[in-house]
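Let me begin by presenting the structure, written as structure tokens, before commenting on it.
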Amino acid sequence: MKGVFVQTFGCQMNASDSDRMKALLAPLGYLAVERPEDAELVLINTCSIREKAEQKMNAVANDLKRLKERRPELVLGVTGCVAQQEKEAIRRELPFVDIVLGPDNIDELPWALEQVLRPNSEAYVKTEFDREARVWSTRTELLNPGVSAFVSVMKGCDHFCSYCIVPHVRGREKSRPIQDVINDVKLLVAQGVKEVTFLGQNINTFGKRAGESLHELFYRAHDIEGLERIRFTTSHPGDLKDELIRCFQELPKLCSYFHLPVQSGSDRILKTMRRFYSIDQYRERVSALRQARRDIAFSTDFIVGFPGETEEDFLQTLALAKEIRYDNVYAFLYSPRPGTSAAEREDLTPASVKLERLSRLQKLSHQESCALHAAEVGQIREILIEGPSKKDPSRLTGRTSQNVPCHVDPEDSRGLGRGDLVEVLILDSALTHLSGRLATQASKAEVQSETR
Ligand code: 5AD
Ligand code: SF4
């Protein structure tokens with residue numbers, strides 16, 4: 001056996017691509033290892049969504065350079081979005097890299113490896129979009145799936161939000177056929193998976209070229225025996241259809257959690273971001289979802305300091321965050337991305353003002369998260385046990401349907417294990433998690449009488 005070390009940056013889609021790479025390499029005798037020192041093959045799966053991600057990747061590249069100097073036989077690969085965007089720079093500045101593959105070329109990895117292992121071979125560089133196919137054919141291959149698995153159902157994006165590099169590095173949107181996805185989910189369930197998260201950059205338009213749809217996928221997945229929970233990400237508010245909202249009424253396996261990136265609370269900024277919805281329309285979608293599922297939790301993404309954002313615009317962002325009461329807010333400082341239209345705009349707001357806005361938004365959203373979690377105390381929530389808690393292995397941990405990590409008292413953990421769905425009486429809360437005890441008949445009766 002040989003070792004492969006894969007370092008992943010960025011989103012869940014990248015994490016899922018990394019899993020696929022490991023699975024593709026297993027038949028060639030490569031076993032995933034935890035440290036680059038133990039590997040014969042090192043892959044960096046990169047992300048270019050914001051500048052910070054690229055900086056992190058550069059730091060790793062320096063470490064790899066040293067590693068390669070010590071062990072010239074080591075094979076190095078750079079994959080993912082930075083590979084797509086910066087292939088020339090990588091070839092120039094990191095000439096010791098053997099393999100460069102864009103996100104659309106990852107399935108070629110075994111072939112690339114075979115090529116570069118030949119004597120006197122050159123680097124293998126491929127960053128071509130697959131322009132021909134109407135659908136995306138791939139398989140979800142996971143070597144050791146836990147109880148919860150990510151399943152990529154589409155790739156690319158047809159929106160061109162003015163700040164976003166995704167369509168430039170991942171190409172136009174392509175979906176997998178529903179039947180292929182369902183076959184994968186059945187295989188995962190047979191391996192013990194209880195929860196799937198369907199992944200797509202703009203998942204609301206899943207299947208549009210093939211006359212299929214996300215809600216159809218949900219109904220089909222819901223029928224799979226042994227699958228307990230369905231999640232999905234990421235949604236574009238402008239593409240969120242009534243049929244999807246109805247799923248929250250009709251499909252109990254669909255979790256009570258919705259990540260709905262709004263990006264800004266100001267209509268003016270949304271227009272210049274090319275988001276194609278107004279705050280009123282966003283509000284209406286949120287309330288329709290709340291009507292369909294009373295206990296639904298929301299999270300969102302905000303970009304702070306977009307070119308032209310005034311204090312007034314930013315106050316509208318704060319007001320929206322307060323009004324919606326998000327369980328979780330991901331707030332990012334705007335980062336100009338090469339080749340995007342926003343990067344051309346004049347940006348006069350000083351960095352110090354942007355940073356101060358970011359910290360105001362973060363402070364407000366932490367307060368909201370704490371308050372929402374505190375309100376969970378005394379409630380009974382169902383959690384799917386994922387295994388021992390990382391911090392305190394005597395406690396088991398899982399997530400609520402609302403996607404909040406929740407720990408179970410060690411005294412109650414006996415006899416329980418990965419994959420169990422249990423009801424927990426919430427006793428304590430914090431910014432990022434909850435904790436509690438297994439709910440007994442008595443605690444359930446008490447909670448019921450209080451809510452009556
Ligand atoms: N600058 C800052 N944040 C960005 N995002 C995407 N592009 C940029 C950018 N150029 C954020 C958006 C998106 C999330 C995945 O990353 O909020 O929803
Ligand atoms: Fe980027 Fe999402 Fe906009 Fe597509 S919809 S361009 S992935 S922000």
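Count residues from 1 along the sequence. When a ligand or atom number is given, it counts from 1 through the structure's own listing order. In what follows, every heavy atom counts, from backbone to side chain, and hydrogens, waters and symmetry copies are set aside.
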Q. With a 4.0 Å heavy-atom cut-off (strictly under), which part of Pro261 contacts ligand 2: side chain, backbone, both or neither?
A. neither

Q: Specify the protein heavy atom at minimum distance from atom 9 (C) of ligand 1: its residue, its atom name, and the distance to 0.1 Å.
A: Ser335 O, 3.6 Å

Q. Considering only heavy atoms from C-beta outward, does the side chain of Ile182 approach that of Lys186 to under 4.5 Å?
A. yes

(Q) For atom 8 (S) of ligand 2, what's the nearest protein heavy-atom neighbour? Residue, atom name and distance, please. (A) Tyr163 OH, 3.3 Å

Q | Between Gln263 and Tyr163, a side-chain donor and acceptor under 3.5 Å | A | yes

**Q.** Protein residue, atom and distance nearest to atom 3 (Fe) of ligand 2, heavy-atom basis
**A.** Cys161 SG, 2.3 Å

Q: Could you tell me the residue and atom name of the protein heavy atom closest to atom 4 (Fe) of ligand 2, and the distance to it rounded to 0.1 Å?
A: Cys157 SG, 2.3 Å

Q. Considering only protein heavy atoms, which is closest to atom 6 (S) of ligand 2, and at what distance to one decimal place?
A. His159 O, 3.3 Å

**Q.** Per-atom contacts of ligand 1 with Leu333, taking only distances under 4.0 Å to non-hydrogen atoms
**A.** 1 (N), 2 (C)

Q) Heavy-atom contacts under 4.0 Å between Tyr163 and ligand 1: side chain, backbone, both, or neither? A) both

Q: Could you tell me whether Val166 approaches ligand 1 through its side chain, its backbone, both or neither, with non-hydrogen atoms closer than 4.0 Å?
A: neither

**Q.** Metal proximity, Cys164 vs atom 1 (Fe) of ligand 2, N/O/S cut-off 2.8 Å
**A.** yes

Q: Mark up the atoms of ligand 1 that fall under 4.0 Å of a heavy atom belonging to Gln263, in ascending order.
A: 12 (C), 13 (C), 17 (O), 18 (O)

Q.
Any non-hydrogen side-chain atom of Arg20 less than 4.5 Å from a side-chain atom of Asp107?
A. yes

Q) At a 4.0 Å cut-off, with the gap strictly under it, does some heavy atom of Arg274 reach an atom of ligand 2? A) no

